[in-house]
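Quick note on labels: first sequence line is chain A, next is B, and so on, each numbered from 1.
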Amino acid sequence: MKPAQIVVALAAAVIAALGGCRARSGALKLPPHATVLRLADADDIPTLDPAAGYDTLSWTFEQAIFDTLVRYGEDNVTLEPDLAASWEASPDATTFTFQLRHDARFSTGRAVTSDDVRYGIERVLDPATRSKGMEYYRGIAGAEDFAAHRTAHVSGIETPGPWTIVFHLSAPDPIFPHKLAMPFAAAVPREIVARWGDDFSHHVVGSGAFMLREWIGGQRIVIARNPYYFDHELPRIDAVVDSLGVDSELQWLRFEAGDLDIVAQIPPAEFPYVMKTPALAKLVLRKTTVTTEYLGMNCEMPPFDDIRVRRAISYAVDRHKLVAILNGRGVVAHSPLPPNLPGYDPDLKGYTHDPARARALLEAAHLGPGFTFEIWMRADATVLMLGQSIQQDLAEVGVNAVLKPVAWGPFLETIRQPRTAQAFLYGWEADFPDPANVLGTLLSRTQWGSNNDSFYYNPEFEALLDRAAQETDFARRYALYDRAQQIAIADAPWVFLYYPVVDVIHQPWVHHYILNPMRPTRFERVRISPH
Amino acid sequence: MNSRRRLNRLEVVGGAMVLSLVLVAIFAPILAPHDPARAVASTFGDPGAPSMQFPLGTDQLGRDVLSRIIYGARISLAVGVAAMAITMAIGVTIGLVSGFFGGAIDFLLMRFTDVMLSLPFLLLAMAFVAVLRPSLVSVLLVIGVVSWTQVARVVRAEALSMTTRDFVLAARALGAPAPRLIIRHVLPNLAPIIVVMAVLGTSGTLLLEAALSFLGLGVPPPAPSWGRMVSEGTMYFRTAPWLAISPGLAIFYAVLGFNLLGYGVLGRRAR
């Protein structure tokens with residue numbers, strides 16, 4: 001940690017402490033018979049502004065408060081109508097037309113029109129907003145001109161009527177609708193943003209099933225039923241109360257005491273106990289996420305510039321052991337693409353655990369026993385345990401791996417530097433269901449220094465990515481990505497480790513709490529029976 | 001004369017405990033039934049209960065807990081003793097110089113000591129290790145650098161009283177230079193108190209190493225540190241309590257041994 005970071009961290013701690021004192025206000029007031037879903041989280045919510053949020057916790061609440069044109073099914077990654085009643089794409093995938101439903105209203109009562117959708121996206125594209133979602137909408141025609149303040153509106157977004165919105169793209173992008181399912185593209189009421197400016201995050205107004213009722217930083221957030229929500233049957237509960245700053249151990253104790261309805265992360269210490277206790281085990285919900293955990297190797301740095309060494313490491317690591325150590329909370333990985341993501345190919349076999357082959361490959365690469373390298377990782381108990389398991393496996397083939405556990409910030413900083421970290425343990429969760437979001441985002445030459453931390457480059461792989469990205473026929477598109485995937489597996493820039501499985505435990509009185517492989521759970525259909 | 005030679009009861013018990021630790025550490029490769037860093041049972045993610053083959057069970061990575069505890073004695077003793085040596089070197093030097101010269105030097109050194117004393121021990125150590133990155137050497141240095149303050153205070157007080165003793169005044173009158181006075185006359189007379197502090201302090205440094213390891217800032221894996229074993233074991237406390245309890249008992253045994261020995265030596269001095 002650099003001195004400057006320590007100062008910032010201390011300052012943040014002091015501010016958090018002061019904030020905590022100030023926020024000690026009265027008890028929550030809800031009607032006596034209100035049905036409430038009680039959650040807890042270890043950290044405060046980073047933001048509720050859909051242009052700013054880019055993390056699970058922010059998105060959990062943003063998708064409850066805001067609506068996007070389209071969204072995903074409850075337990076899958078197939079697009080469903082949300083604000084849009086219907087939509088169609090031009091055959092060349094450059095023009096997308098959405099028809100909005102007429103009955104959507106913000107929680108202020110005002111009707112949601114196509115202008116609000118356009119405003120939400122333009123806000124993201126405006127450099128003054130500094131939105132992390134900007135890159136997803138740059139492909140809209142005129143986006144660059146708008147971002148440079150040469151035009152008042154994005155010329156590629158047309159609103160021919162209050163219930164119609166048309167997007168013109170500068171290049172074919174068959175997966176554009178998925179980008180509109182990210183909370184970045186939510187319909188936002190401009191008058192509320194104008195009123196609160198930078199403080200919009202604390203006064204958000206959207207058209208979702210819930211509205212923000214109270215948010216006491218670091219202590220509690222409450223969202224309550226939006227009376228104007230277009231589906232009058234929903235939500236089925238009156239409010240969601242999320243206690244903030246409750247660490248996972250405490251969450252667990254409160255869950256056991258019946259004081260919380262859901263625990264989204266069963267502490268690793270309790271997990272084996274939960275699974276061995278039938279009454280608890282049956283309350284556990286599981287889902288394989290669209291995440292790939294991997295051991296990245298820097299293809300620019302010796303000895304990993306030698307493909308034989310990368311393959312040797314891939315053969316040396318015992319993935320089944322990793323999954324066992326995780327108590328089964330993972331699925332052994334054989335490819336970069338995780339299951340539940342379109343384009344996943346279950347027939348790809350990848351690498352098996354084969355120490356003899358690993359030794360032979362290392363010998364062929366003239367790496368005698370005792371070759372040493374560093375594995376960078378987050379200083380986290382679970383990650384460190386997995387690191388030790390890999391360390392054991394590598395010791396079996398005569399490779400000495402030194403574990404470098406560091407904090408999150410320095411970790412990212414280090415692995416993104418060219419020729420700095422030889423190897424690292426990392427993972428990637430897809431943001432939208434397309435192979436491009438894994439293969440292109442993590443292994444393309446264009447992502448060196450940002451997400452391609454193994455500094456992998458293969459011209460053939462790159463050419464396939466370019467062709468696939470514009471392919472509008474999805475069968476052909478996935479076939480191209482599959483070929484690209486095979487090249488990446490053969491080149492072995494990563495040891496594909498496992499696809500994590502999330503486990504959520506719920507009280508018996510909570511119904512219809514459904515896990516999505518890619519997005520946080522939606523609350524509007526959750527039901528709570530008397531208890 | 002006779003009473004000075006005979007060991008008191010605390011010394012015998014404490015000494016035996018420490019000696020047993022030293023022997024275990026030295027003969028670890030012979031005593032340990034298994035390799036401490038290797039998986040010897042496939043109890044991955046589900047620690048194995050104690051059995052005839054593995055008297056203290058196996059951990060979540062399939063390693064034999066008994067072997068790890070035996071090898072852990074090496075880490076604990078090495079860190080405990082080496083860190084104590086650093087602590088003593090810094091503390092005694094600062095204490096002696098401060099107490100012997102007095103005046104402005106004393107004032108500056110003691111105010112510096114006060115500043116160090118005012119900072120929480122563990123927090124300071126954590127900050128240092130985070131900057132230096134965990135390794136055996138950095139852990140040693142950090143423990144030494146944060147724990148010398150008490151030693152310096154005590155040594156200063158003793159040295160201060162020494163400077164007015166007749167033999168020191170006599171040596172000074174004979175024209176002995178300051179370094180000679182300190183090394184030949186003051187230091188030897190402080191030796192007993194230094195020994196007591198070193199022995200008692202070793203239990204402190206041992207605990208600090210365990211605490212740092214517990215927080216993931218100690219000697220990096222796969223070295224079997226007792227503190228890290230407790231930390232990893234707590235993850236399975238509900239289903240496999242022996243995983244955290246046995247290294248915890250090992251820490252308790254080592255700390256108790258050094259404390260008994262230290263108080264024994266202290267008792268001899270008081271007599």
Spatial distance of atom [atom1] ([X]) from atom [atom2] ([Y]) [nearest 0.5 Å]:
X        : Y        : atom1 : atom2 : value
B:Thr43  : A:Ile325 : OG1   : CD1   : 9.5 Å
A:Leu326 : B:Phe44  : CG    : CZ    : 12.5 Å
A:Asp393 : B:Arg38  : CG    : CZ    : 11.0 Å
B:Arg238 : A:Thr277 : CZ    : OG1   : 7.5 Å

Nearest heavy-atom pair of A:Gln392 and B:Leu61: which atoms, and what distance?
NE2-O, 3.5 Å

Under 4.5 Å from a heavy atom of chain A, the part of [X] involved:
X        : result
B:Ala39  : both
B:Thr239 : side chain
B:Gln60  : both

Contact origin within [X] toward chain B - heavy atom pairs under 4.5 Å:
X        : answer
A:Lys276 : side chain
A:Val406 : side chain
A:Leu384 : side chain

Going by atom types alone, do A:Gln388 and B:Arg63 pair a side-chain donor with an acceptor below 3.5 Å?
yes

Decide if atom CD of A:Gln265 counts as having more than 12 heavy atoms of other residues, nucleotides or ligands within a radius under 6.0 Å.
no

